[in-house]
Amino acid sequence: MVVWLFWLGLTAYGAFDIRANYFTKTYCSNLSISTKKITITFDDGPTEFTSQILDVLKQFNAKATFFCIGIQIEKNPEIFKRIYDEGHLIGNHSYSHSNAMGFFSVERVLNEIQQNDQLIASYLNKKPKFYRPPFGVTNPKIARALAVTQHHVIGWNNRSLDTVINEENTILNRIKKKVNPGGIVLLHDTSFKTLQVLEQLLLFLQTENYEVTPLDELLNLKAYEE
């Protein structure tokens, strides 16, 4: 019984903490980097707030990575194109971002990933190599689907919890405490509070002499498949 409970706990931890590398290899930072370089990523867009996020990034000459949902791309195609046109990277965040993603069959997970790949490619003429699982959840079925698609699975080591915490200063201080060389910050381009946090974060990074580095450069991996 003790062994079974230990296995159950370990499996649950592996499924819900993407940093565990339990089911599939995941890039959550680059520990080999000692210089002050960091990457900022956004999930769940494009949304009505993404344009303002892009304005702030342009103001600071910072390049980010946007993990986009297929249905959001279809709703906001012009904003999606602007992300890419302004030099930011695009990653796959599934087509629907369903709450039930963790329970999907291998075939359905494959369809979620490949459908979004095809949608992104219809705009960019290239497929993204970076994939971030919705909610950061992985399991054997998702791992088997990713073994077929051969995406680089991207996690984070600095989670803002900006979809849960309402107070902007609390979010900002949470991120600042975890800033370190080679880190990957997780934000969401889905709310005004994150917009406010982003501006303050970029000011902080500037003061601390951190360079906001594109994800492909941070990890030395290709962002797209031509």
Side-chain angles (χ1 to χ4, degrees), residues 17-33 37-47 50 53-54 57 62-73 76 79-97 101 109-139 142-160 182-190 211-226:
D17 192 334
I18 198 167
R19 298 168 298 176
N21 279 282
Y22 191 76
F23 294 109
T24 187
K25 178 176 175 58
T26 306
Y27 297 89
C28 297
S29 65
N30 187 344
L31 297 176
S32 69
I33 290 179
K37 294 183 177 182
I38 198 166
T39 285
I40 296 176
T41 66
F42 294 92
D43 282 8
D44 296 357
T47 71
T50 306
I53 294 283
L54 291 170
L57 290 169
K63 302 302 180 187
T65 301
F66 290 79
F67 287 92
C68 298
I69 301 170
I71 56 176
Q72 291 299 119
I73 295 171
N76 302 287
I79 299 174
F80 175 74
K81 286 187 285 187
R82 182 185 168 192
I83 294 171
Y84 182 73
D85 289 344
E86 295 190 0
H88 304 286
L89 297 179
I90 302 291
N92 186 327
H93 199 39
S94 81
Y95 177 76
S96 71
H97 200 287
M101 189 82 169
V109 174
L110 262 175
N111 183 64
E112 282 277 333
I113 298 172
Q114 292 174 336
Q115 186 175 359
N116 202 24
D117 268 352
Q118 291 165 6
L119 178 62
I120 292 170
S122 71
Y123 288 99
L124 310 186
N125 293 317
K126 57 181 77 173
K127 291 183 181 179
K129 287 290 291 180
F130 295 148
Y131 174 74
R132 177 171 281 163
F135 314 106
V137 171
T138 58
N139 60 35
I142 293 172
R144 286 201 291 273
L146 288 166
V148 174
T149 67
Q150 293 291 297
H151 284 81
H152 304 303
V153 184
I154 308 299
W156 56 80
N157 71 343
N158 194 333
R159 188 174 192 174
S160 65
I184 299 175
V185 179
L186 168 62
L187 292 164
H188 294 79
D189 51 331
T190 56
E211 177 186 343
V212 180
T213 304
L215 183 60
D216 55 350
E217 292 182 22
L218 188 87
L219 298 176
N220 194 28
L221 295 170
K222 288 186 177 181
Y224 301 103
E225 177 184 322
E226 301 295 339

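Note that the numbering runs from 1 along the sequence shown for the chain.
Considering every non-hydrogen atom in both C68 and I90, the closest pair reads SG-CD1, 4.3 Å. Nearest heavy-atom pair, A223 versus L89, reported as atom, atom and distance to 0.1 Å: CB-CD2, 4.0 Å. Residues S160 and L186 approach most closely at OG-O, 2.8 Å, considering heavy atoms. The minimum heavy-atom distance between A143 and T24, with the atom names listed, is CB-CB, 4.3 Å. Between H152 and K222 the shortest heavy-atom distance is CD2-O, 3.6 Å. Residues G70 and L119 approach most closely at O-CD2, 3.3 Å, considering heavy atoms.
A heavy-atom distance below 4.5 Å is found between the side chains of F130 and D216. Between L54 and F42, the closest side-chain pair of non-hydrogen atoms is not below 4.5 Å. Side-chain contact between F80 and L124 is present, with heavy atoms from C-beta onward closer than 4.5 Å. In this structure the side chain of N220 never reaches within 4.5 angstrom of the side chain of N30, judged on heavy atoms. In this structure, I73 and Y123 have side chains that are in contact, with non-hydrogen atoms separated by less than 4.5 Å. Looking only at side-chain heavy atoms (C-beta outward), Y95 and I71 come within less than 4.5 Å of each other. Looking at V137 and M101, their side chains never come closer than 4.5 Å, going by heavy atoms from C-beta outward. H151 places a side-chain heavy atom less than 4.5 Å from the side chain of D117.
For K63 (side chain) and E86 (main-chain N/O), a donor-acceptor pair under 3.5 Å exists by modelled atom type. Listed for the T213 side chain is no donor-acceptor partner under 3.5 Å among the backbone atoms of T39. A donor-acceptor pair under 3.5 Å is formed between the side chain of K129 and the backbone N or O of Q150.
Once rounded to the nearest 0.5 Å, the distance linking CZ of F66 with CG of L187 reads 9.5 Å. One distance of note links CG of D189 with CD1 of I53; it measures 6.0 Å at 0.5 Å rounding. Within the model, atoms OG1 of T41 and CG of L215 stand 7.5 Å from one another, a figure rounded to the nearest 0.5 Å. Atom CZ in F67 sits 11.0 Å away from atom NE2 in H188 (nearest 0.5 Å). Rounded to the nearest 0.5 angstrom, N76 CG and R82 CZ are separated by 12.5 Å. Note: Q118 CD to N116 CG = 9.5 Å, rounded to the nearest 0.5 Å.
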(request) Applying side chain to side chain donor-acceptor pair (under 3.5 Å), run through T47 and Q72 and close with a yes or a no. (result) CA-CA 7 Å; T47 71; Q72 291 299 119; 5.8 Å; no

(request) Check step by step if side chain to side chain donor-acceptor pair (under 3.5 Å) holds for D44 and H93. (result) CA-CA 7 Å; D44 296 357; H93 199 39; 3.0 Å; yes

(request) Decide side chain to side chain contact (heavy atoms under 4.5 Å, CB included) for L57 and H88; before the verdict, give the C-alpha distance in whole Å, the side-chain angles of both, and the deciding distance to 0.1 Å. (result) CA-CA 10 Å; L57 290 169; H88 304 286; 3.6 Å; yes

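Relative to the six-membered ring of Y27, K25 meets both conditions, a distance below 6.0 Å and an angle of at most 45° to the axis.
Partner of R132 under the side chain to side chain donor-acceptor pair (under 3.5 Å) criterion, out of T65, D43, N92: D43 alone.
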